[in-house]
Amino acid sequence: RHWNELLTYRGRLTELFAHVPLLSLRTRPLVAMVLAIVANASGTQRLRALEYFGLAVYGARMQRATAPPADRVLLRAIETTSYRVSGRSGATAAARDGYRALQEMDAAERDRLGGNEPTVYNQIGTSLFYGGLTAEALDCFRRSTAVSDTKGLFAGLQGLALAAGTLAVDGEIEDAREVIEEALSRAWPDRWIDGYPGSFLQLARGFSALEDGDPDAADAAIR
C-alpha cells in the first residue's frame with residue numbers, strides 16, 4: 001500500500017540492495033519495480049534499470065495467474081510500465097488487459113488497491129495513450145483524478161496533466177485548455193508541476209501556445 005513512499009529514499013535503497021543477487025528479486029516484482037524506477041532516474045544506471053524492469057515483468061507474470069483481482073491489476077500495471085519504459089513490446093496488451101480488469105472489478109475490490117488506484121490508472125492509461133487508444137486513456141486519467149479527489153491523494157494531479165496532454169496531442173485544444181486551467185488552479189507538491197508528474201501538462205501548454213501563435217511560450221513550456 002505504501003511502496004511509492006520508498007522512492008523518497010533513493011540513495012538508501014541503492015545502498016541496501018547493492019549486493020542483493022538479481023535473481024533473488026524474481027519473486028518480488030514490486031521491489032524490482034521500485035529499484036527500476038530509482039535506477040532509471042540515474043543517468044549512470046540505465047542498464048541496471050533495464051535489468052530490474054525485466055525482473056519486474058517476470059515476477060508479475062509468474063504471480064498474476066493466482067493473484068486476487070486487486071493484486072492482478074497492480075501486477076498488470078507493473079508489467080505495462082516496465083515494458084513501456086524499457087522500450088519493449090507488450091505494453092499495450094498488458095494495459096488493455098489491466099483496463100478490462102479494472103472495469104470488471106466491483107467497488108470493494110477496487111478499494112483493496114488503496115492509494116495505488118490512481119497510480120494504476122495513470123500508468124495503464126499512459127500505455128493506452130502510446131498504444132493509440134486515446135478514449136480509453138482519457139477514461140483512465142479522469143478516473144485517476146476522481147479517485148484521488150475522493151480519497152485525498154495527489155496522484156490525481158498527474159491524471160489531470162496526462163489528460164491535458166492527451167487532449168492536446170489529439171487536437172482537442174479547447175478541451176485541453178479547460179483541463180490546463182483546472183490543473184493550474186490546484187496546489188501541487190514541490191517539483192511536480194515542472195517534473196515528471198506534470199510533464200504532460202507542460203506538453204499541453206506548449207500545444208496551446210503554438211495554437212495562439214506564440215512559439216516562445218511553447219518553447220518555455222517544453223523546456
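Although no hydrogens or angles enter the test, the distance criterion places no donor-acceptor pair under 3.5 Å between the side chain of Arg205 and the main chain of Ile180. A donor-acceptor pair under 3.5 Å is formed between the side chain of Arg26 and the backbone N or O of Leu23. At distances below 3.5 Å, not a single donor-acceptor pair connects side-chain atoms of Ser208 with backbone N or O atoms of Ala204. Judged by distance alone, the side chain of Gln202 and the main-chain N or O of Ile193 form a donor-acceptor pair under 3.5 Å. Between the side chain of Ser148 and the backbone N or O of Ser144 there is at least one donor-acceptor pair closer than 3.5 Å. In this structure, Asp170 contributes its side chain and Glu172 its backbone to no donor-acceptor pair below 3.5 Å.
Hydrophobic cluster membership is shared by Leu30 and Leu22, with clusters built from Ile, Leu, Val, Met, Phe, Trp and Tyr side chains linked at under 4.5 angstrom. Two different hydrophobic clusters hold Leu55 and Leu50 under the rule that ILVMFWY side chains link at heavy-atom gaps under 4.5 Å. By the criterion of side-chain heavy atoms lying less than 4.5 angstrom apart, applied directly or through intervening Ile, Leu, Val, Met, Phe, Trp or Tyr residues, Leu128 is not grouped with Tyr83; the two fall into different hydrophobic clusters. Val120 is connected to Val147 through a chain of hydrophobic side-chain contacts under 4.5 Å among Ile, Leu, Val, Met, Phe, Trp and Tyr, so both are in one cluster. The hydrophobic cluster containing Leu153 does not contain Tyr121, counting ILVMFWY residues as joined when their side-chain heavy atoms lie under 4.5 angstrom apart, directly or transitively.
Smallest separation of non-hydrogen atoms from Ala70 and Glu109: CB-O, 3.6 Å. The two residues Gln63 and Pro29 make their nearest non-hydrogen contact at NE2-CD, 3.3 Å. Summarising the geometry of Leu157 relative to Trp188, their closest heavy-atom pair is O-CH2, 3.3 Å, with the distance given to 0.1 Å. Minimum heavy-atom separation, Arg112 to Pro68: NH1-CG, 4.0 Å. Closest heavy-atom contact between Phe141 and Ala163: CD1-N, 3.7 Å. Contact between Ala67 and Asp71 at its shortest, heavy atoms only, is CB-CB, 3.8 Å.
Pairs passing the ring-ring contact (aromatic ring centres under 6.0 Å, His included) check and including a residue from residues 8-40, sequence neighbours excluded, do not occur.
Taking CG of Leu13 as the reference point, atom CG of Leu6 lies at 5.5 Å (rounded to 0.5 Å). Distance check, rounded to the nearest 0.5 Å: CH2 of Trp192 to CZ of Phe154 gives 7.0 Å. In this structure, Glu117 CD and Leu74 CG are separated by 11.5 Å, a value rounded to the nearest 0.5 Å. Taking CG from Leu162 and CG from Asn122, the interatomic distance works out to 5.5 Å, rounded to the nearest 0.5 Å.
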Can you check side-chain contact (heavy atoms from CB on, under 4.5 Å) on Val169 and Phe207, steps first, answer last?
CA-CA 8 Å; Val169 170; Phe207 270 90; 3.9 Å; yes
Taking it one step at a time, do Leu201 and Leu160 satisfy side-chain contact (heavy atoms from CB on, under 4.5 Å)?
CA-CA 8 Å; Leu201 176 61; Leu160 276 175; over 6 Å; no
Yes or no on salt bridge (Lys or Arg N to Asp or Glu O under 4.0 Å) for Arg142 and Asp139, after CA distance, side-chain angles and deciding distance?
CA-CA 5 Å; Arg142 288 163 178 155; Asp139 182 52; over 6 Å; no
Leu35 and Val20: CA distance, side-chain angles, deciding distance, side-chain contact (heavy atoms from CB on, under 4.5 Å) verdict
CA-CA 11 Å; Leu35 294 172; Val20 174; over 6 Å; no
Just do the salt bridge (Lys or Arg N to Asp or Glu O under 4.0 Å) check on Arg186 and Asp149 with the steps written out, would you?
CA-CA 11 Å; Arg186 299 195 179 205; Asp149 287 348; 2.8 Å; yes
Taking it one step at a time, do Asp97 and Arg100 satisfy side-chain contact (heavy atoms from CB on, under 4.5 Å)?
CA-CA 5 Å; Asp97 186 66; Arg100 284 193 299 267; 3.5 Å; yes
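Counting only heavy atoms from C-beta outward, the side chains of Leu133 and Tyr99 never approach each other to under 4.5 Å. A heavy-atom distance below 4.5 Å is found between the side chains of Lys151 and Asp111. Between Glu136 and Ile124, every side-chain heavy-atom pair lies at or beyond the 4.5 Å cut-off. The shortest side-chain heavy-atom distance between Arg84 and Gln123 falls under the 4.5 Å cut-off. Inter-residue side-chain proximity for Ile222 and Leu203 is flagged as met; some heavy-atom pair is nearer than 4.5 Å. At a threshold of 4.5 Å between non-hydrogen side-chain atoms, the residues Tyr196 and Gln158 count as touching. In this structure the side chain of Arg76 never reaches within 4.5 angstrom of the side chain of Val73, judged on heavy atoms. Residues Thr145 and Glu182 form no side-chain contact, since every pair of their non-hydrogen atoms from C-beta on lies 4.5 Å or further apart.
Residue Glu181 places its CD atom among 12 or fewer non-hydrogen atoms of other residues, nucleotides or ligands, all under 6.0 Å distant. Within 6.0 Å of CZ on Arg110 lie more than 12 heavy atoms contributed by other residues, nucleotides or ligands.
Electrostatic pairing of Arg177 and Glu211 does not count as a salt bridge here, judged by no charged N lying under 4.0 Å from a carboxylate O.
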